[in-house]
Enquirer: 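Before I ask anything, let me first share the structure, which is written out below as structure tokens.
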Amino acid sequence: MRITTKSRYATRMVLDIAVHGQHGPVLSRDIAERQDIPLKYLEKLIRELRKAGLIVSRRGPQGGHTLAIPATDITVGDIVRIMECPPKYDDCACADNDCEGCPMAEGCLTRNIWVETTRCMFEKLDSFVIGELIK
């Protein structure tokens, strides 16, 4: 199982906004520079997080990005679920027990191992709260 660059960068971006956005919106170029994330890639992540309701963006001279909800209500698991939609880290860990495309689904003896492993991973990711990480 592997957390993708997309999820890792998005987590760093949300943490940056949580730290630097306490007194107003944070500019994309500032986040990109501080976090060493290519600006074009960062903008793609911003669109996904905005669409999911995690951040709010404002244009203009006082524009930038802020968290749409309190940092204490955001977990790393939330970010990963948004970035890895659907959140599935193994081909056997079918989302919502839907294994239609798998030729082994009916008699699979190992599927529950991978489903449980994925569940445990997200349980751990959900234990990391953005508001607590920035303290």
Side-chain angles (χ1 to χ4, degrees):
M1 288 189 219
R2 181 175 182 265
I3 301 292
T4 66
T5 300
K6 192 174 173 181
S7 291
R8 291 192 325 269
Y9 281 5
T11 300
R12 287 172 32 201
M13 182 183 69
V14 170
L15 282 164
D16 190 282
I17 294 171
V19 169
H20 297 283
Q22 294 177 1
H23 303 291
V26 182
L27 298 175
S28 297
R29 70 174 177 261
D30 293 341
I31 300 168
E33 186 176 306
R34 279 190 296 266
Q35 298 302 321
D36 194 27
I37 300 172
L39 184 58
K40 288 287 184 192
Y41 194 68
L42 182 83
E43 290 169 349
K44 179 182 175 185
L45 301 178
I46 288 169
R47 281 192 297 275
E48 291 186 46
L49 292 170
R50 190 174 53 233
K51 182 179 174 185
L54 210 60
I55 64 170
V56 175
S57 301
R58 187 170 42 178
R59 295 179 185 256
Q62 302 298 321
H65 312 287
T66 56
L67 297 178
I69 58 178
T72 54
D73 293 342
I74 303 171
T75 70
V76 173
D78 295 331
I79 298 166
V80 172
R81 283 181 187 90
I82 292 166
M83 293 293 107
E84 309 298 332
C85 189
K88 185 173 85 167
Y89 285 94
D90 185 282
D91 289 338
C92 291
C94 307
D96 300 322
N97 296 322
D98 179 18
C99 296
E100 280 183 22
C102 180
M104 297 296 294
E106 191 174 314
C108 183
L109 299 175
T110 63
R111 183 182 163 281
N112 287 336
I113 295 168
W114 314 125
V115 170
E116 181 65 12
T117 301
T118 300
R119 187 196 64 73
C120 289
M121 181 184 69
F122 275 101
E123 187 176 293
K124 187 63 176 177
L125 289 172
D126 287 336
S127 74
F128 298 109
V129 178
I130 297 299
E132 293 173 9
L133 293 173
I134 63 171
K135 287 183 181 179

Enquirer: In Å, rounded to the nearest 0.5 Å, how long is the span from CD1 of Ile37 to CG of Leu45?
Expert: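 Ile37 atom CD1 to Leu45 atom CG measures 7.0 Å (nearest 0.5 Å).
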
Enquirer: Which heavy atom of Leu27 sits nearest a heavy atom of Gly63, and at what distance?
Expert: CD2-O, 3.5 Å

Enquirer: So, do Thr66 and Val26 sit near enough that their side-chain heavy atoms are less than 4.5 Å apart?
Expert: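 No, side chains not in contact.
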
Enquirer: Kindly state each residue pair satisfying ring-ring contact (aromatic ring centres under 6.0 Å, His included) with at least one member in residues 39-71, sequence neighbours excluded.
Expert: Tyr9-Tyr41

Enquirer: Between Pro25 and Arg58, what is the shortest heavy-atom contact and its length?
Expert: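 Reported closest heavy-atom pair: CG-NH2, 2.7 Å.
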
Enquirer: Locate the shortest heavy-atom distance separating Ala71 from Ile130; write the atom from each residue and the value.
Expert: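 It is O-CB, 3.6 Å.
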
Enquirer: Working to the nearest 0.5 angstrom, can you tell me the gap between Asp126 CG and Thr75 OG1?
Expert: 4.0 Å

Enquirer: Within a strict 4.5 Å, meaning less than it, do heavy atoms of the Val80 and Met121 side chains meet?
Expert: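 No, too far: nothing below the 4.5 Å cut-off.
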
Enquirer: Looking at every heavy atom in both Lys6 and Glu84, which two are closest together, and how far apart are they?
Expert: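 Residues Lys6 and Glu84, closest heavy atoms: CB-OE2, 4.3 Å.
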
Enquirer: In plain terms, say whether Glu48 and Lys51 are close enough for a salt bridge, that is, a side-chain N and a carboxylate O under 4.0 Å apart.
Expert: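 Here Glu48 does not pair with Lys51 in a salt bridge, since their nearest N and O are not under 4.0 Å apart.
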
Enquirer: Side chains of Ile3 and Thr11: closer than 4.5 Å at any heavy-atom pair?
Expert: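 No, side chains not in contact.
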
Enquirer: Which residue pairs pass the salt bridge (Lys or Arg N to Asp or Glu O under 4.0 Å) test with at least one member in residues 29-47, sequence neighbours excluded?
Expert: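 Listed once each, the pairs are Asp16-Arg34.
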
Enquirer: Just how far is it from atom CG of Leu54 to atom CD1 of Ile82, taken to the nearest 0.5 Å?
Expert: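 Going from the CG atom of Leu54 to the CD1 atom of Ile82 covers 4.5 Å.
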
Enquirer: Group every Ile, Leu, Val, Met, Phe, Trp and Tyr by side-chain heavy-atom contacts under 4.5 Å, then state whether Val56 and Val19 land in the same group.
Expert: no

Enquirer: What pair of heavy atoms forms the shortest contact from Ser57 to Ile46, and how long is it?
Expert: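 Residues Ser57 and Ile46, closest heavy atoms: OG-CG2, 3.9 Å.
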
Enquirer: Can you see which heavy atom on Ser7 is nearest to which on Ile79, and at what distance?
Expert: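 Closest heavy-atom pair between Ser7 and Ile79: O-CG2, 4.3 Å.
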
Enquirer: Roughly how far apart are Phe122 CZ and Thr117 OG1, rounded to 0.5 Å?
Expert: 12.5 Å

Enquirer: Would a single hydrophobic cluster contain both Leu133 and Leu67, if residues Ile, Leu, Val, Met, Phe, Trp and Tyr are joined by side-chain heavy-atom contacts under 4.5 Å?
Expert: yes

Enquirer: With rounding to the nearest 0.5 Å, note down the distance linking CD1 in Ile69 to CG in Asp78.
Expert: 6.5 Å

Enquirer: Out of curiosity, Ile17 CD1 to Leu49 CG, how far, rounded to the nearest 0.5 Å?
Expert: 7.5 Å

